[in-house]
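The first residue in the sequence is number 1, and the count goes up from there.
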Amino acid sequence: MKPIRKAVFPVAGLGTRFLPATKAIPKEMLPIVDRPLIQYAVDEAREAGIEQMIFVTGRGKSAIEDHFDIAYELEKTMSERGKDLSVLEPTRLGPGNCAYVRQQEPLGLGHAIWCARDIVGDEPFAIFLPDEFMHGSPGCMKQMVEEYRTIGGNMISVLEIPHDKVSSYGVIRPGQSEGAVTEVLGLVEKPKVEDAPSNLIISGRYILQPEVMRVLEGQGKGAGGEIQLTDAMAQMIGKQAFHAVTFDGNRYDCGSKVGYIEANLAVALERPDMADEVRAIAINLLK
């Protein structure tokens, strides 16, 4: 069983739901308190033992590359002023530890993943959707990798939600379960509540075998006229082992404005340096 050494971050989206904030700044660079969303995803990958970060970008996303580079002028100025540089340490990706490839057209998540095929090569790999802010300790991907070392195959992260909310999400058709791991027999995208096979929703973290790239290569457009990753995964069920891991933590949908604000509040209220002040502000605003 090959280890998970590589992770793909599809970050080419336009972020139109956050305009005008995202007109000149990638949505993945929007901060949760004082760290951008993409930084949280990369930190989660590192915690899971992943070594190489592959960013599928588009035009106007150079800020992501700059963020993970050395900012010479900034660091020189801070050093001369005696300021602590350790705050910048997580933003450094070493030589060869990151790669960037462009998705020239917005043809869907499946197409974005396929754009990274030559860098992924013949290895299993992880996928992180930075909009899905997965908050917990240990991180979501570390929880998945620990299960992967035992059972291998393909994996997706899932969360249990109230059954009456499932129509907004992709849902799994479950098989046998043991602890946090559930066999996946099928995937259903945004089912009607009465037709939903479970209340376990797909939540933005994946471990996939390299064969998915061959499936994506010949796959036509699906929902929304885009090449859907869910369609490719569905074709692999029954041909390779496929499991879901229920994440022990919280998920915040930072692709929505309400979810983004919720994530900021949740993180701020956990920070010893600001929790009391933020709580007081919230109580005052609710009066």
* Write out all pairs satisfying salt bridge (Lys or Arg N to Asp or Glu O under 4.0 Å) with one or both partners inside residues 237-253, taking only residues at least two apart or from two chains. => Glu132-Arg251
* **Least distance between heavy atoms, Val166 atom then Ser198 atom** => CG1-O, 3.8 Å
* For Glu178, which residues count as a salt bridge (Lys or Arg N to Asp or Glu O under 4.0 Å) partner, sequence neighbours excluded? -> none
* Asked: Less than 4.5 Å apart, any side-chain heavy atom of Val215 and any of Asp231?
  -> no
* Structure fact -> Residues Ala116 and Val101: closest non-hydrogen pair is CA-CG1, 4.3 Å
* Looking at CD1 of Ile207 and CZ of Phe125, how far apart are the two atoms once the value is rounded to the nearest 0.5 Å? -> 10.5 Å
* Name all pairs fulfilling the side-chain hydrogen bond (donor to acceptor under 3.5 Å, both in side chains) condition that reach into residues 140-155, sequence neighbours left out, sorted by first residue then second. => Tyr148-Gln209, Asn154-Gln240
* Asked: Going through the distances and angles, do Phe128 and Tyr206 end up as a ring-ring contact (aromatic ring centres under 6.0 Å, His included)?
  -> CA-CA 7 Å; Phe128 290 76; Tyr206 312 77; 9.6 Å; no
* Asked: Sub-3.5 Å donor-acceptor pair from the side chain of Glu105 to the main-chain atoms of Leu107, do we have one?
  -> no
* Leu216 vs His111 side-chain heavy atoms within contact, under 4.5 Å -> no
* Asked: Ser256 side chain to Gly259 main-chain N or O, any donor-acceptor pair under 3.5 Å?
  -> yes
* Structure fact -> When every non-hydrogen atom of Pro90 is compared with those of Phe68, the smallest separation belongs to O-CE2, 4.5 Å
* Structure fact -> The complete set of salt bridge (Lys or Arg N to Asp or Glu O under 4.0 Å) pairs with one or both residues in residues 87-97, sequence neighbours excluded, reads Glu75-Arg92, Glu89-Arg92
* Asked: Counting only N and O atoms by type, is there a donor-acceptor contact under 3.5 Å from the side chain of Thr182 to the main-chain atoms of Ser177?
  -> no
* Using links of under 4.5 Å between side-chain heavy atoms of ILVMFWY residues, direct or through other members, which residues join Val87 in one cluster? -> Leu74, Met78, Leu85, Leu88
* To do: Can you measure from SG (Cys115) to CD (Gln104) and round to the nearest 0.5 angstrom?
  => 6.5 Å
* Side-chain donor or acceptor of Arg173 paired with backbone N/O of Pro197 under 3.5 Å -> no
* Could you list all the salt bridge (Lys or Arg N to Asp or Glu O under 4.0 Å) pairs where at least one residue sits in residues 274-287, not counting sequence neighbours? => Asp276-Arg279
* Asked: side-chain hydrogen bond (donor to acceptor under 3.5 Å, both in side chains): which pairs involve residues 55-65, sequence neighbours left out?
  -> Glu28-Lys61
* Just grab all the side-chain hydrogen bond (donor to acceptor under 3.5 Å, both in side chains) pairs involving residues 113-130, residues at least two apart or on different chains. => Arg5-Glu123
* Structure fact -> Glu80 meets the side chain to side chain donor-acceptor pair (under 3.5 Å) criterion, sequence neighbours left out, with Lys76
* To do: Would you name the heavy atoms of Gly186 and Ile237 that are closest together and state the gap between them?
  => CA-CD1, 3.9 Å
* To do: Check whether more than 12 heavy atoms from other residues, nucleotides or ligands sit under 6.0 Å from atom CD1 of Ile25, and answer yes or no.
  => no
* Asked: Does any non-hydrogen side-chain atom of Lys192 lie less than 4.5 Å from one of Ser167?
  -> no
* Structure fact -> Going by chain and number, the hydrophobic cluster around Leu265 (ILVMFWY, side chain to side chain under 4.5 Å) further includes Phe18, Leu30, Ile32, Val33, Leu37, Tyr40, Phe133, Tyr252, Tyr260, Ile261, Val267, Leu269, Met274, Val278
* Given side chains that start at C-beta, do those of Met53 and Arg46 come closer than 4.5 Å, heavy atoms only? -> yes
* Mind checking the CG-NZ spacing from Asn97 to Lys6? Nearest 0.5 Å is all I need. => 11.5 Å
* Does some side-chain heavy atom of Met29 sit less than 4.5 Å from a side-chain heavy atom of His67? -> yes
* Which atoms form the tightest heavy-atom contact between Gly121 and Pro210, and what is the distance? -> O-CB, 3.7 Å
* Structure fact -> Here the gap from Leu208 atom CG to Ile127 atom CD1, rounded to the nearest 0.5 Å, amounts to 4.5 Å
Could you pull out every donor-acceptor pair under 3.5 Å between side chains of residues 156-163 and any protein atom, sequence neighbours left out?
{"from": "Ser157", "atom 1": "OG", "to": "Ser203", "atom 2": "OG", "distance (Å)": "2.8"}
{"from": "His163", "atom 1": "NE2", "to": "Val193", "atom 2": "O", "distance (Å)": "3.4"}

* Asked: Which distance, rounded to the nearest 0.5 Å, do you find between the CD1 of Ile281 and the CG of Leu285?
  -> 7.5 Å
* To do: List in chain and number order the residues that pass salt bridge (Lys or Arg N to Asp or Glu O under 4.0 Å) with Asp34, two or more places apart in sequence or in another chain; answer none if no residue qualifies.
  => Arg271
* From Ser137 atom OG to Glu44 atom CD, the distance as rounded to the nearest 0.5 Å -> 11.0 Å
* Looking at side-chain heavy atoms only, is the closest gap between Val8 and Ile119 below 4.5 Å? -> no
